[in-house]
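Computed over heavy atoms, backbone and side chain alike; hydrogens, waters and symmetry mates excluded. Letters A, B, ... are given to chains in the order of the sequence lines, protein chains preceding strands, and every chain is numbered from 1.
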Amino acid sequence: MKLGIDIGSTTIKLVLISETNEVIYKSYERHHSKINEKLFACLNMVKRKYSDIGPIAVSITGSAGMGLADRLGIGFVQEVFATKVATSTLMPHTDTVIELGGEDAKILFLSNGLEVRMNGTCAGGTGAFIDQIATLLETTPEEMNVLAKSAEKTYSIASRCGVFAKSDIQPLLNQGAKKEDLSASIYQSVVNQTIIGLAQGRRITGEILYLGGPLTFMSELRKRFDTTLHLTGTCPENSLYYVAIGAAICADTMTDIDQLIDKVASYKSKENFEKIEPLFKNQEEYRSFLERHAKSDVTIHQESNYDGSVHIGIDAGSTTIKVVAINEAEDIIFSRYQTNGGNPIPPIKAILEEFYDINPHANILSAAVTGYGEDMIKNAFQVDFGLVETVAHYTAAKKFNPDVDFIIDIGGQDMKCFRIVDGAIDDIFLNEACSSGCGSFLQTFANILGYSSEEYGKLGLFADAPVDLGSRCTVFMNSSVKQAQKDGASVENISAGLSISVVKNAIYKLIRVSSASELGQNIVVQGGTFLNDAVLRSFEKEIGGDVIRPNIAGIMGAYGVALYGKNKGLLCSSILRPEALKQFTHTISYTNCNLCANHCALTINTFDGVRKFVAGNRCDRPTTPNRNHQNNLNLCAYKRTLLEGYMNKMVPSPKGKIGIPLVLNMYELLPFWTTFFNELGFEVVTSGFSDGETYLSGQDSIPSDTVCFPAKLVHGHIEKLLTKEVDAIFYPCMTYNINEKRGHNHYNCPVVAYYPETVANNIDSIKNVQYIYDYIGLHRPKDFVGKIQVILSRYFADISKKDIQNATDRAFAERELFLAKTREKGAEMIRIARENNQKIIVLAGRPYHLDPKVNHGIDQLMSSYQVAIVTEDSICHLVKEKYHANVLNQWTYHARLYDAAKYITTQRDMQLVQLVSFGCGVDAITTDEVKAILREGNKIYTGLKIDEITNLGATKIRIRSLIAAIEQEEVLGWSE
Amino acid sequence: MERIEFTREMKKDYTILVPNMLPIHFGMISAVFANEGYHFEILHNDSSAVVEAGLRYVHNDTCYPALLVIGQFLDALNSGKYDVNKTALLITQTGGGCRASNYIHLLRKALVKSGYGQVPVISLNLSGLEKNSGFQFTLPLIRKTISIIGYGDMLMLLKNQVKPYEVKKGATDQLVKQWQTRLCEDFKGNKGLSLSQMKVNFKEIVQSFSEVEMQKSEKTKVGIVGEIYVKYSSLGNNNLEDFLLSQNCEYMIPGLMAFVLFMIDTRLEDVKLYGGNKLKSAVINVLFQYIAKIEKMFIHAIESNGSFLAPSPYVHMKSLVDGVVGHGNKMGEGWFLPAEMLELCEQGFENIVCTQPFGCLPNHIVGKGTIRPIKERFPKANITAIDYDPGASRVNQENRIKLMLAIAKEQNMATVTIQVEDKPKKKSPALISVASLL
């Protein structure tokens with residue numbers, strides 16, 4: 001008999017097979033990271049059942065089994081390989097295997113050339129990912145499957161990794177999307193992730209086998225795969241055990257069961273992990289720490305029958321709701337903190353009702369709301385004021401230390417940090433696309449290990465040797481924790497290590513200071529996560545100083561907003577009273593906005609049958625029907641209109657039809673190339689702006705899942721062009737950009753420069769058309785003519801040098817014209833904005849950030865705040881002195897950014913917001929540099945990271961905080 | 001920010017710290033520079049403090065090599081081993097369109113931030129990007145450096161072919177060390193650096209390695225390619241070479257010389273593609289031809305001995321990428337990366353680890369992006385792309401490599417059974433996919 005042991009990230013599977021590969025015995029257990037103990041127990045089960053088993057062959061497999069196998073002296077079989085062996089033995093006709101595990105996803109192509117793929121280090125797991133989302137939806141993975149059955153629609157949810165998906169789901173939940181639909185959407189996102197992350201351009205066809213936990217337990221997930229792949233896959237018997245079976249088939253270490261059990265029992269893992277100092281040396285140290293923090297308290301007396309004046313503050317956060325009521329002395333007389341269960345309306349209503357029950361005679365003077373759900377709550381319950389979160393938190397922090405100069409707030413889902421200079425919020429750090437997990441991240445880990453998050457945090461307080469888990473994106477943490485477990489780190493040491501890593505992540509990754517002393521002198525820490533003493537202690541140790549943690553750290557937003565309402569001096573609040581609450585109704589309907597290419601999924605909430613609140617929109621078009629009321633000072637929109645002008649230029653009796661994908665640098669060169677080819681007598685068609693279909697239609701040929709989103713979109717654009725019956729697709733490689741003489745050189749980034757090669761190598765159907773992707777240099781206009789002639793002569797007959805010279809001249813002139821129009825319009829918008837006293841924001845980035853899918857409508861969103869939006873290329877030429885960068889200034893697009901940033905430091909009424917594509921390596925350099933320029937000029941830096949993610953919640957906070965900060969500056973400026 | 005120049009004064013008594021990338025090469029290079037009056041010290045610090053310092057002072061989204069190199073410098077300065085007022089740092093600057101050309105600026109920023117603003121940073125480049133009065137990369141020095149690259153490549157190549165099979169453990173490393181010592185002695189007397197002396201030495205080196213007692217056994221042949229730092233540096237790739245040895249593999253890492261040729265050639269290609277100064281091209285071509293001559297000697301020395309596998313000539317590698325990527329693709333490793341993979345496939349090293357820093361921009365295109373066309377040409381090509389990054393766990397990386405090796409073993413078994421039947425000739429071009437024949 002042969003024994004296969006599969007130790008995965010969350011479970012241990014044991015399989016005993018006969019010589020003919022029949023499964024005799026199998027077991028499936030969660031190990032909660034206590035691998036040794038669990039394995040010992042599992043093996044004893046085998047022994048009890050088969051006491052006379054005799055010598056057996058054993059092997060170990062699984063992502064967590066590698067080190068263990070080595071140290072037990074047992075053969076190790078790589079787990080994907082094990083799957084392959086088992087499949088070839090049990091289901092030999094299989095073409096493709098899709099296997100999803102706790103944290104791994106794998107595809108095996110067995111026929112037509114063996115290929116096996118595992119998910120990369122970045123793609124957050126699958127089983128664990130579904131678990132996380134289930135927690136978020138307050139349901140179980142099993143229930144999710146049931147819910148998904150009655151789904152009516154699916155939302156587009158970022159499939160790249162768990163953190164991204166979470167940020168997509170949260171706002172949907174808050175907008176009242178149904179759990180049924182969300183469950184189905186999650187499954188769909190797993191399918192998309194598998195295709196894009198693993199298939200990488202290879203079509204999944206033929207006989208498909210579904211293996212692993214999630215695909216075994218979730219019928220709806222399988223159905224999603226079937227529908228998307230247009231086939232019917234099989235989930236075979238023992239689908240959970242294929243890896244273990246494969247290991248058993250390969251087993252070659254002979255032993256007997258007693259010997260094996262002895263080995264496991266006597267096995268002590270060496271503690272060879274990187275260690276950090278313990279958080280507390282002893283109880284004494286902990287006690288004095290607690291005493292010190294007890295000083296930062298606000299008086300709380302939860303009163304009943306309070307009949308004085310009160311101010312209500314509501315913080316409708318992304319996952320939780322906090323409500324406080326304060327009296328005139330600013331003491332808290334009532335506070336509640338709970339999760340929002342996906343829809344903040346019912347819990348807030350219940351909390352208000354409870355408040356009215358307890359304090360029927362309280363005199364409510366004001367009510368104010370902050371947080372993600374601010375707009376909706378304000379509308380639903382007729383709350384008096386709404387306030388941006390950052391200001392709410394600052395207001396509360398000031399209560400504890402009027403000189404506060406740095407606030408760090410780590411909540412369940414988000415981290416917010418802000419620096420305060422001269423009483424105004426000066427610098428804001430919000431976690432965006434990446435490293436989202438904070439409080440909820442610790443919670444998820446606690447849950448996986450079978451603890452409550454409170455218990456789990458406490459475990460780490462007296463850990464003797466906390467594990468150094470690094471400080472990178474939390475998605476990576478799973479594998480770091482796995483590694484630590486394997487290296488024999490105790491649960492206590494891992495718990496402490498996680499707390500420390502949360503802190504390090506915040507300080508070094510999010511805020512980006514190199515030493516903690518740069519943070520500030522008077523630091524207030526808050527947010528639910530800091531109620532965890534281990535996190536608080538780690539923070540103090542890391543910065544080497546004391547900070548203030550208010551006793552109400554978890555409800556600071558609500559407290560701050562209550563203070564804000566109080567300071568407004570209202571005499572009576574309009575918030576719904578008990579009678580009105582009794583009648584309160586809330587109905588939700590869904591629709592898609594069709595006013596632009598974004599097709600936002602709108603959720604229409606109707607309160608009491610009359611008050612409507614629309615959520616999910618990016619801009620104010622669906623909510624402001626009267627176009628005259630809309631803000632038209634948006635240069636991005638103008639540039640898009642200009643580009644549209646080049647999309648459908650008619651040419652009489654054309655020589656041929658050339659397709660140009662509107663991607664990356666083509667966003668800038670479209671006027672040039674369209675004119676060039678038109679002049680040569682060709683008709684030019686483009687793929688147009690990206691829309692909802694673009695990404696999906698091209699996703700299965702993307703070879704690198706970590707490339708930036710604008711590059712990923714290229715695939716969809718090419719697919720679109722291929723449907724347009726073009727004679728050739730023109731998308732040249734361009735190492736160099738046009739030389740604008742702003743920096744040391746004029747490069748394109750590697751991705752922009754060479755993506756046409758990736759198209760040629762990875763999109764099969766490109767072979768059906770002439771694909772012109774030669775290397776072309778517009779930086780040497782004189783040489784260009786001769787060079788392009790040689791290139792074109794390879795594809796088309798009879799194009800004379802004279803014609804090319806003429807076309808080139810016209811093309812360069814057209815490019816100049818495009819630029820001139822942009823600058824002129826920009827100048828005009830700036831003038832009008834100044835006349836109307838509107839703020840001006842330079843939305844800076846790269847030309848392709850104009851694409852409505854790339855920027856997710858951020859320009860329109862910003863525009864709805866009544867600010868004028870201009871672009872960096874419309875102002876960079878205005879800079880007086882040439883900017884000398886502290887970095888190598890050799891990319892054309894970057895040079896514009898630096899010049900634009902430099903210019904706005906000379907303009908009082910201008911601010912700059914930088915758009916950064918997630919995964920853009922060169923922007924690691926530009927963001928720091930632009931920030932340095934702005935800081936030097938006393939301007940606030942605001943960077944927005946964008947990806948396929950469509951959550952604009954963080955963007956809204958940033959924009960509103962920026963506007964609030966400017967306003968405050970203006971007030972201060974005037975009072976001088 | 002003012003750049004601190006490395007002055008003539010400083011040359012006298014400053015220690016110049018150099019990050020380690022290729023241990024064999026760099027050791028010898030420092031000997032040559034010592035002759036010219038520079039005090040080089042190659043850094044070997046590789047504790048977690050290196051990564052920690054890097055994370056602290058370098059933007060975390062910057063590529064991993066920058067983070068490690070800068071971290072290594074800062075950790076060294078922090079160590080107390082060096083008088084920070086008598087220490088300079090040396091870093092290469094390539095000047096291409098990849099973000100890597102910004103390392104030096106990121107390093108300077110990090111130095112200022114960590115309180116070492118006084119430490120001068122020397123840029124080692126061939127593009128005339130930055131100049132220092134106390135440090136001149138003169139033509140003779142360039143020539144000597146090139147010679148050392150030749151020697152380094154030779155020792156590395158032979159070591160990699162002998163070590164997995166050595167009978168006496170440590171014999172190969174011992175021999176490498178012997179040669180290093182002997183060559184460094186020679187260099188001190190300005191010997192061993194001319195073409196004719198190299199020719200003699202090359203021959204002798206190859207001979208000495210062929211005399212190491214070897215026990216040939218079945219091993220998985222693995223090629224290592226990728227971003228230059230991560231590919232070569234054990235600090236960058238979590239001791240990839242040792243791991244492969246422990247997994248019963250023979251690995252091949254293409255040498256540095258062909259990469260230098262590639263770097264020079266990109267300038268010639270630029271002129272071809274976009275036009276430019278023909279005279280400049282001619283000058284560059286002289287350098288190119290000089291190195292090509294060494295390459296020829298190099299290959300000849302190995303082939304005439306007959307015991308080892310010689311690398312393919314640069315021109316051949318260049319022709320391999322026709323139809324895969326253009327020769328204008330020059331940022332990072334550019335077209336040279338798929339060329340290396342194709343050459344490895346040709347040489348029978350179809351199992352390839354393609355190493356890159358997480359999110360490496362050029363490698364989206366020339367690494368991961370070319371695996372498909374390479375597999376079309378060599379269906380047995382078994383390429384795994386591994387991302388390196390401070391957060392990526394080693395277990396994860398090794399697990400992936402193990403998967404690649406498991407497939408390699410299986411394919412290999414298939415090959416062996418067929419080989420018995422039709423005995424393919426030694427060095428058959430591009431073993432046809434056996435798997436597809438089955």
Peer 1: Once you round to the nearest 0.5 Å, how far does CD of B:Q356 lie from CD1 of B:I228?
Peer 2: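 Output value for this atom pair is 14.5 Å.
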
Peer 1: Counting only heavy atoms closer than 4.5 Å, note whether A:H779 contacts chain B via side chain, backbone, both or neither.
Peer 2: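 A:H779 touches chain B through side-chain heavy atoms alone.
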
Peer 1: I'd like to verify something: which residue of A:Y755, A:Y773, A:F81 has the highest number of heavy-atom pairs under 4.5 Å with chain B?
Peer 2: A:F81

Peer 1: Tell me the residues of residues 329-336 of chain B whose non-hydrogen atoms fall below 4.5 Å from those of chain A, in number order.
Peer 2: B:N329, B:K330, B:M331

Peer 1: So what's closer than 4.5 Å to chain B heavy atoms on A:I791: side chain, backbone, both or neither?
Peer 2: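 For A:I791, neither part sits under 4.5 Å from chain B.
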
Peer 1: Looking at A:Y754 and B:G328, what are the two nearest heavy atoms and their distance?
Peer 2: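 It is OH-O, 3.3 Å.
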
Peer 1: Between A:E757 and B:K368, is there a side-chain N and carboxylate O pair less than 4.0 Å apart?
Peer 2: no

Peer 1: Top residue by heavy-atom pair count (under 4.5 Å) with chain B, among A:V887, A:V922, A:D774?
Peer 2: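 Winner by heavy-atom pair count: A:V887.
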
Peer 1: If you measure from CZ on B:R108 to CD1 on B:I91, what distance do you get to the nearest 0.5 Å?
Peer 2: 9.0 Å

Peer 1: Using 0.5 Å steps for rounding, measure from the CG atom of A:N737 to the CG atom of A:N748.
Peer 2: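 One finds 4.0 Å between CG of A:N737 and CG of A:N748.
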
Peer 1: Mind checking the CG-CD1 spacing from B:N382 to B:I407? Nearest 0.5 Å is all I need.
Peer 2: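 Going from the CG atom of B:N382 to the CD1 atom of B:I407 covers 5.0 Å.
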
Peer 1: Looking at A:I776, A:V790, A:T735, which makes the most heavy-atom pairs under 4.5 Å with chain B?
Peer 2: A:T735

Peer 1: Less than 4.0 angstrom from a charged side-chain N to a carboxylate O is my criterion; do B:D387 and B:R400 meet it?
Peer 2: no

Peer 1: Identify which part of A:F784 has an atom lying under 4.5 Å from any heavy atom of chain B, answering side chain, backbone, both or neither.
Peer 2: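 Neither part; nothing is under 4.5 Å.
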
Peer 1: Under a 4.0 Å threshold between the charged nitrogen and the carboxylate oxygen, would A:E936 count as salt-bridged to A:K931?
Peer 2: no

Peer 1: In terms of heavy-atom proximity below 4.5 Å to chain A, should B:N363 be classed as side chain, backbone, both, or neither?
Peer 2: neither

Peer 1: Taking every non-hydrogen pair under 4.5 Å, which of B:A385, B:A53, B:P373, B:A110 racks up the most with chain A?
Peer 2: B:P373

Peer 1: Using a 4.5 angstrom heavy-atom cutoff, name the option from B:V324, B:L106, B:T384, B:V51 with the most pairs to chain A.
Peer 2: B:V324

Peer 1: For the residue pair B:N237 / B:Y64, report whether a side-chain donor-acceptor contact shorter than 3.5 Å exists.
Peer 2: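 There is no such pair between these side chains.
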
Peer 1: B:V366 versus chain A, heavy atoms under 4.5 Å apart: side chain, backbone, both or neither?
Peer 2: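 Nothing of B:V366, per the 4.5 Å heavy-atom cut-off to chain A.
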
Peer 1: If you compare all heavy atoms of B:D322 against all heavy atoms of B:R377, which two are closest, and at what distance to 0.1 Å?
Peer 2: O-NH2, 3.1 Å

Peer 1: Look only at the side chain of A:E542 and the backbone of A:K504, and say whether a donor-acceptor pair between them is shorter than 3.5 Å.
Peer 2: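 Not at all, since once roles are kept as given, no pair shorter than 3.5 Å links the two residues.
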
Peer 1: Cut-off 3.5 Å, side chains only: do B:N399 and A:E79 have a donor facing an acceptor?
Peer 2: yes

Peer 1: Is it the backbone or the side chain of A:K84 that comes under 4.5 Å from a heavy atom of chain B, or both, or neither?
Peer 2: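 Answer is side chain: those atoms of A:K84 sit under 4.5 Å from chain B.
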
Peer 1: Below 4.5 Å, heavy-atom pairs only: which of B:I104, B:D270, B:I371 has the largest tally toward chain A?
Peer 2: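 Going by pairs under 4.5 Å, I would pick B:D270.
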
